[in-house]
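Right, one structure below, let's go through it.
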Amino acid sequence: MTLAPIASAERIRGVDIARGVALLGILFVNARFFFAPMGFALEPSTALDGSERTGADTAAWAFVETFCSFKFISLFSMLFGFGLAMQAARAHAQGASPWPAGLRRLGILALVGILHWSLVWYGDILMLYAFLGVIALAATRLPQKTLGWVIVGVAGLVALIALAGAALAAVGLTMLAAEPAPAELAASDLAQRGFDAMMAAQFDPYNPIWIEAERAAFAEGPASDAFVFRCVLYAYGFVAALFSYGWQSLFMMLCGVYAFKAGFFTAEGSAARRQIALPAILVGLPLSICAVAPTLVFGFDSVPARAAYLALVSLGAMALPIGYAAIIVEWGPKLPAFIATPLERTGRMSFTVYLAESLVCV
């Protein structure tokens, strides 16, 4: 099997545009993690000295959480699975196995992922994609109907994890609220750095000692402190992926494989895209709005609002990205060239652009 770039005439332009839009949406979500400690980025009620939150911050948070969080990474995952299925089909068409080239590509992806999270930024997804890509590549050999049932099963698991996570979070937040207010920290406590600060914070990234030490490590160094924080924060994220959003990514990758088998992104799939776009939006958007609205109404400290967010944001992200994909692939190529062409070129170089986002922002 000869490996070579796909000719421009063979590319599906709408898919490239969708991939470019997904990368932009991912940057909208990742921005706060690039420019603030993780505890500050994850917890809307947290404050930093000199960083008082305003109404504009709340509006930005609501926009990103409603339309972007989990949605664009899910869209990107779907297109990743679609790409793997296309590569596998090309290999089979040439009478070759997709595994040698596929595993080599996924292995390189994992290696670059290690370099990415250890040397640049802890929020890497490349290693996760490399592992899940093996499952998606295996799924390319399943009959379309069997794959459909597998997707239904994974979707049920994602929903179960979302609901269980929301219930556990509600219990944890209620217990936390019942505890006495923490004592005022001394300046010497906030001055701790590196691994010593992690231990003093009991490895709690929401602890002010941790937040200040993380800020200092990435803003001032030394490089050893920054490396320690990247490793520990990546480990936290990887564990979270195993028990939450990793399953969401797998679900969307399998949807991408199914989309290839069903011809969803081809010219012949236009009617299917038009039929599915509106229902997917009508399911996913209300769920996403209901995930965010209670927090805006009752405040960031409301336990029921936080539980609703955790339950519904993941459920909305199972439907809304499918609507995004249908709309962008169908109508993206019809956009004015000054919009469509940069997005298309970005989508063609998604690996490079993803790493460039990290390098520029860091």
Side-chain angles (χ1 to χ4, degrees), residues 12 14-16 18-23 25-26 29 69-92 98-99 101-110 112-113 124-159 161-162 237-238 240-265 269 276 280 284 314-326 328-329 347 350-351 354:
I12 303 175
V15 170
D16 286 334
R19 201 178 287 114
V21 172
L23 283 164
I26 290 170
V29 177
S69 285
F70 288 95
K71 285 80 174 178
F72 284 108
I73 189 65
S74 293
L75 173 60
F76 195 78
S77 299
M78 184 179 186
L79 299 174
F80 184 80
F82 176 82
L84 286 175
M86 178 177 285
Q87 292 166 18
R90 289 177 180 275
H92 287 301
W99 285 104
L103 290 178
R104 184 161 64 248
R105 284 169 164 165
L106 294 172
I108 293 172
L109 197 66
V112 175
D124 173 75
I125 61 166
L126 300 179
M127 273 191 64
L128 177 66
Y129 271 40
F131 295 140
L132 296 180
V134 176
I135 301 175
L137 194 59
T140 62
R141 299 303 296 156
L142 294 176
Q144 185 175 330
K145 186 175 181 179
T146 302
L147 178 60
W149 283 112
V150 171
I151 290 172
V152 170
V154 175
L157 184 59
V158 171
I161 290 173
F238 198 82
L242 292 177
F243 295 99
S244 61
Y245 70 86
W247 293 98
Q248 178 107 21
S249 296
L250 176 61
F251 166 74
M252 295 306 300
M253 285 184 191
L254 295 177
C255 286
V257 176
Y258 188 91
F260 176 80
K261 291 179 176 290
F264 186 64
F265 292 143
I276 205 171
S314 183
L315 298 179
M318 285 198 289
L320 197 55
I322 296 174
Y324 286 173
I328 297 170
V329 174
S350 56
F351 183 67
Y354 172 75

In the structure I gave you, are the side-chain heavy atoms of [X] and [Y] within less than 4.5 Å of one another anywhere?
X	Y	result
Ser74	Gln248	yes
Phe264	Ile276	yes
Phe76	Tyr129	yes
Leu132	Phe80	no
Gln144	Leu147	no
Met127	Leu109	no
Leu126	Tyr354	yes
Arg141	His92	yes

Between Phe260 and Phe265, is a ring-ring contact (aromatic ring centres under 6.0 Å, His included) present by the stated rule, with each step listed? CA-CA 7 Å; Phe260 176 80; Phe265 292 143; 9.7 Å; no
Is the CZ atom of Phe243 crowded by more than 12 outside heavy atoms at less than 6.0 Å?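 12 or below, so no.
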Heavy-atom count around Trp99 CH2 within 6.0 Å, excluding the residue itself: above 12?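 Result for CH2/Trp99: enclosed.
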Please check if the side chain of [X] supplies one atom and the backbone of [Y] the other of a donor-acceptor pair under 3.5 Å.
X	Y	value
Thr140	Ala136	no
Trp247	Leu242	yes
Tyr245	Gly237	yes
Lys261	Leu142	yes

Measure the spacing between [atom1] of [X] and [atom2] of [Y] and express it to the nearest 0.5 Å.
X	Y	atom1	atom2	result
Leu250	Ile151	CG	CD1	9.5 Å
Leu84	Met253	CG	CE	7.5 Å
Ser350	Ile26	OG	CD1	9.5 Å

Residues Phe72, Tyr324; criterion ring-ring contact (aromatic ring centres under 6.0 Å, His included); working and verdict: CA-CA 9 Å; Phe72 284 108; Tyr324 286 173; 5.2 Å; yes
Of all the heavy-atom pairs spanning [X] and [Y], show the shortest one and how long it is.
X	Y	answer
Val158	Ser314	CG1-OG, 3.7 Å
Ala22	Leu75	CB-CD2, 3.9 Å
Leu137	Pro98	CD2-O, 4.2 Å
Ala18	Val329	CB-CG2, 4.2 Å
Phe70	Ala317	CB-CB, 3.5 Å

I would like to know whether Ile125 and Ile73 meet side chain to side chain contact (heavy atoms under 4.5 Å, CB included); could you show each step before the answer? CA-CA 9 Å; Ile125 61 166; Ile73 189 65; 3.4 Å; yes
Passes side chain to side chain contact (heavy atoms under 4.5 Å, CB included), Met252 versus Ile322? Steps please. CA-CA 9 Å; Met252 295 306 300; Ile322 296 174; 4.1 Å; yes
So Phe251 and Leu157, side chain to side chain contact (heavy atoms under 4.5 Å, CB included) or not? Walk me through it. CA-CA 9 Å; Phe251 166 74; Leu157 184 59; over 6 Å; no
